[in-house]
Each structure stands twice: as C-alpha cells, then as structure tokens.
**Student:** 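So that we are looking at the same thing, I have put the structure below in structure tokens.
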Amino acid sequence: MAERELKRKPATTPREDKAPKETEAPVTSAQRDKLKAELDDLLDEIDEVLEENAEEFVRNYVQKGGE
Amino acid sequence: MAVPKICGVETEYGIHHAGAEGNPVASSSLLVNAYISDLARVEWDFKDEMPANDARGFAREGALPPEVETHLVNTVLTNGARYYVDHAHPEFSTPECADPLELVRYDKAGEEVLRRSMAAARWLLPDPQAIVVYKNNSDGKGNSYGTHENYLMDRTVPFARIARSITPHFVTRQLYTGAGKVGTETSPAGRDVAFQLSQRSEFFEEEVGLETTLKRPIVNTRDEPHADPQRYRRFHVIVGDSNLAEVATFLKVGTTALVLALIEDDAFGGVDLTLANPVKAIHQVSYDLTLAEPLEMADGRTATAMELQWELYGLSRKYAEDRGLDCLGDDTVGREVLRRWEGVLNGLEADPATVAGQVDWVAKLQLLEAFRARHGLGWKDHRLSAVDLQYHDLRPERSLFVRLATDHLVERDRILAAVSEPPRRTRAYFRGQCLRRWASQVASANWDSLVFDLGTDPLRRVPMMDPLRGTAEHTEELLEGSFSVAELLTRLSG
C-alpha cells in the first residue's frame, strides 16, 4: 500500500458527514473562557483536597511489583 | 465468523497503608477480608429482616469463604467476579462480560467494591490508620503493576497471526487509552519527558513473550484458556493502562475486541501495518505529546500513531458494513464503539481539549497545566506528582478524577447493582447465582467449574467449559425452579 493511502482518513459516507460531531469542533474562545472559570473553581477545590505534604506523600507511595 | 468476544479485565490496585508500616501483602489481605466480613454482616442482617428468603436457603449477598490452603485471600463474589490478593496488591477480576459496555459496568462495580473495602477496613483499624487504594499502574519509582484484558478467541487462529496483526493496535491505541503520567521512570536517552501518554508503555521491552513482571512483552503468550482448550483461546493482554474515564475503558476493550475479530476473520484485505520496531514505537508514542511523530514501518515507509489508528478504524468500519457487529456481543454496542472511536480520533486531531471528558491522559494533563500555571510550578515539582497520584485515589473525598466532568456511559444505579448481581449473557450468571443462593454449599468456585458440598455425598463438580453457556437464558428457569443444591444437581444431570 502506498504511503499516500496510509495517510488518508477513510472516506466517510455522506450520511455521516451530515451528522453533527460535537467532538470534532475546536473549542471556541467563549467556550475557553467558560472552561477556564470552571477550571478555577476546580483548582480551588483541589488546593483544599490535595495531600498537604506533597513531597512526603509522593515519597511514601512505593509499590511492590505485581502481575 | 469470529467467536463472540467475551471479555474481562483484571485490575491490580496500588495500595498504601497510611499511618502504619504496613506490609503490603498483609494490608491487601486485610482489605479484601474486611469487605468479605462486611458482606457476611449484611447477609446476617438480611436473614433477620427477610425470613422468607432465609427459609428457601437464599443468601442475598453471600461470598465464598477464602480458600485456606493458600495464604493469600481469594474469593468469588456473587456478581461472578474474583476478588483476591495477587502478590502485594488487591486485585479485582471482572466476571466474563458479553460486550464492552457491560465490561465498563463491571469495571466500575470493581471500583465500588474497592471503595467499600476501604470503608470496611477503617472499622477494623485503629485511628488514624487507613488503607488507601489507587487505580493506577505505577508508583513513579520504576515499579509497575498490571491491568490485564482477556478476550475469547477461536483456537484455530494461528497465534503468530494474532501477535503480528494486533501489535500496531497495541502500540497506538494509547492515544486514547493512556492514563497519563508525570515524568519518566526509564529516563530514555535524548528525551526530556515532562509528561507522557501512558503509565505502562515505557515498561515494555519485548515484542512477544510469556513474562509479565520483567522484560514485559507487548503481546503476552500466556495460554490458560479457562475453557475448552480445543475450541477456545483466552487472549491475555498486559499492555494496557487502568482507566478511570468510562469512554477510555469502553474504547480500550471495544476497539481491541473489534480488531481481534478482524484478525480472526482474516479481514485486513492485504493491508500490512507492521512496524519496524514495535518496542521503540510504543515508547515513542507515549513520549510524543504532539501525536505527530513518524514511526518506522517494516516496509520502509513512516506513519504516525494517528494514521495507524485511522487505518484500523477504516478496516473495522468496513468489516462492520460487510458482516455486522454481533461478534461484539451486541450490534448496537458495536456501532457505538465505532462512533466513539471516530469521535475520539477526530477530537484528538482537532484539539485534544475536546476529548478531556473521554481520555484520561488529556483530563490529567489539562489539570496539571492549570495547576502549574496557578502556582507557577516547574515540571519537577512534587506537587505535580501528587496531583498525578491523587487523580487515581478511589476515595471520593480525595479523588481528583471524580471532580472532573467526564462522560458517563453507565447509570450509577446499574453500576451499584453490578456489585452483587452477575452479567446475564455469560457463564458468570450461573456462577454468581449459585453463590447468591447457596454460598455455604459451594466448596470452591473457579472460572470453569463449581464444586458443591452437600454434606453427605462426595463433592459434586459442575464443569463450565463454555463461557457462552450457563447464561440466564440457559439456566434462569432451572435456578428459579430449584429449591436446593441437591435439586439443582438432579435437574442438571437429568
């Protein structure tokens, strides 16, 4: 198979082309502002719940191998 | 025609015994035992409150007592799952599931079992001790533990063909199955790795092999079918990350089951996606946040991970058009796998931020970037490693994952029901229902058999060599009509 073919997305059927694809649209700047506000709230919460002594917390998390 | 892709996932959880110098084996045993003791208490409560059920010998929430001959706790739950201590970790193996959506439900039920275990252990431990469980695959210090997938396959398919054809998928599916990790534990030469897609990928050093703990292979050759070995293979996959995002679990299992069906039906149509060096490539893909690094193909061309995923998606869609997707257990669920697969690839290409609700590494990276910006941190700061670790903490009051708005595929009450009830469309139904009704008379339970102890006669073994039999369709009437194990066994042999 040629490289050109490998790099091509599979052709979509017309029906699927018309279907809305929410996940495909890049995030607009308005959406980004809203996301940022939500993220700020989230970060406030994370500052509260994050383990207090990060260094000790990370150091003490040691696992034996498994599987 | 591909055999139905019955699937299951085994998850080893990270464990930390806070406030004590706990030996991880002892802590894991305590955790699992605490859950089982708690179930026994519930069962006893039920007996008090529901005497009618007790009179018919029903044990609503029973579990099989731990096997005494091994020192490690090992139990089978009424939902058909196995819950036990493996090495130094608590491990939950889902029951056999008929389709990838059902698997998501039981994977999430497993998290709930671990959550209840932590709560039960709190009652047994002196303050301020607590056992905390993490659904991740690495401690950040070079120790990795596994999440293993299992898929039912036709024994007649040559293993070499499976290994060759599935490898490009295992190398590239981490684009959406990666759980994300701060830094690197293998310090690759010439790479500055602040964050990578996968928890596990950098621990893989071989293409094909039997090992699971050192020199880990991308394709594992363990051949332990837990079913009729003449007809079936259980394809055992050790190369994946544990996912918290439901869509990621759904895609991990759904796309893999689909590609395996293609391999079984020889439906690649001459397309050869063989990589020149799969081990090098799986590391490259994990380290490459641009998702655009070219990988060397065996025939001298190059392709990006995204291009290989589009190829596999295209082949799968054509397969679905030609043959339908009943092999995924349910055609509608199969179509949803394809729809989600296309959606996540489109999203990753356009802007990964659009799939933060579906893909763990994107959700985690977004969180880390925001946290870094707020506090002005460099990537080496311990607080970022703490955020990484705490993303996977299963305690609702500490989990960072539960604070994110991720997509849900299964309703909460369906997940909670799956903590105690088995799936209906595999042999797990018979196993789970027998334990629900007659736990005290089940001497041992395994994936492919149940052994009953009636007290007087010799032990009676019921083989279950076909994962597709023992379903609700096959056995519900039989179970409903049997008021004792003796009656059940008489009807089974009659």
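Chain identifiers are assigned alphabetically (A, B, ...) following the order of the sequence lines, protein sequences preceding nucleic acid strands; residue numbering begins at 1 within each chain.
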**Student:** Do NZ/NE/NH1/NH2 and the carboxylate oxygens of B/R395 and A/E51 come within less than 4.0 Å?
**Tutor:**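 So B/R395 pairs with A/E51 through a salt bridge.
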
**Student:** Determine the interplanar angle of the A/Y61 and B/Y134 rings, folded into 0 to 90°, and report it as parallel if under 30°, tilted if 30 to 60°, perpendicular if over 60°.
**Tutor:**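 Ring orientation, 0 to 90° scale: perpendicular.
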
**Student:** Please check: side-chain N/O of B/N143 versus main-chain N/O of A/K64, any donor-acceptor pairing under 3.5 Å?
**Tutor:**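 Judged by distance alone, no pair lies under 3.5 Å.
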
**Student:** In terms of heavy-atom proximity below 4.5 Å to chain B, should A/D44 be classed as side chain, backbone, both, or neither?
**Tutor:**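 Contact with chain B: backbone and side chain both.
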
**Student:** Sort A/L50 into side chain, backbone, both or neither according to what part of it lies under 4.5 angstrom from a heavy atom of chain B.
**Tutor:**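 Both parts, backbone and side chain.
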
**Student:** Which region of A/D47, side chain (C-beta onward) or backbone (N, CA, C, O), has a non-hydrogen atom less than 4.5 Å from a non-hydrogen atom of chain B, or is it both or neither?
**Tutor:**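 Answer is side chain: those atoms of A/D47 sit under 4.5 Å from chain B.
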
**Student:** Of the backbone (N, CA, C, O) and the side chain (C-beta and beyond), which part of B/V387 lies under 4.5 Å from a heavy atom of chain A, both, or neither?
**Tutor:**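 For B/V387, heavy atoms of backbone and side chain both lie under 4.5 Å from chain A.
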
**Student:** Enter the distance from A/I46:CD1 to B/L404:CG here, rounded to the nearest 0.5 Å.
**Tutor:**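 Result: 6.5 Å between the selected atoms.
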
**Student:** Counting C-beta onward and ignoring hydrogens, is there a side-chain heavy-atom pair between A/V49 and B/L400 closer than 4.5 Å?
**Tutor:**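 Touching, per the 4.5 Å side-chain cut-off.
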
**Student:** Indicate yes or no for a side-chain donor-acceptor contact from B/H16 to the backbone of A/V62 under 3.5 Å, with no hydrogens or angles considered.
**Tutor:**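 No: the side chain of B/H16 does not pair with the backbone of A/V62.
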
**Student:** Which one of B/G140, B/A18, B/A386 has the most heavy-atom pairs closer than 4.5 Å to chain A?
**Tutor:**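 Of B/G140, B/A18, B/A386, B/A386 has the most heavy-atom pairs under 4.5 Å with chain A.
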
**Student:** Can you tell me which portion of B/N23 sits under 4.5 Å from chain A's heavy atoms? Options are side chain, backbone, both or neither.
**Tutor:**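 Contact with chain A is absent: no heavy atom of B/N23 under 4.5 Å.
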
**Student:** Counting only heavy atoms not in B/E397, do more than 12 fall under 6.0 Å of its CD?
**Tutor:**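 Count over threshold, so yes.
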
**Student:** Are there more than 12 heavy atoms of other residues, nucleotides or ligands under 6.0 Å from atom CD of B/E296?
**Tutor:**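 Counting other residues, nucleotides and ligands, CD of B/E296 stays at 12 neighbours or fewer.
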
**Student:** So, the side chain of A/Q63 versus the backbone of B/S144: is there a donor-acceptor pair under 3.5 Å, distance only?
**Tutor:**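 Not confirmed, A/Q63 side chain does not pair with B/S144 backbone.
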
**Student:** Please output the residues of residues 371-380 of chain B in contact with chain A, using a heavy-atom cutoff of under 4.5 Å, in numerical order.
**Tutor:**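 Residues of residues 371-380 of chain B touching chain A at under 4.5 Å: B/F371, B/R374, B/H375.
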
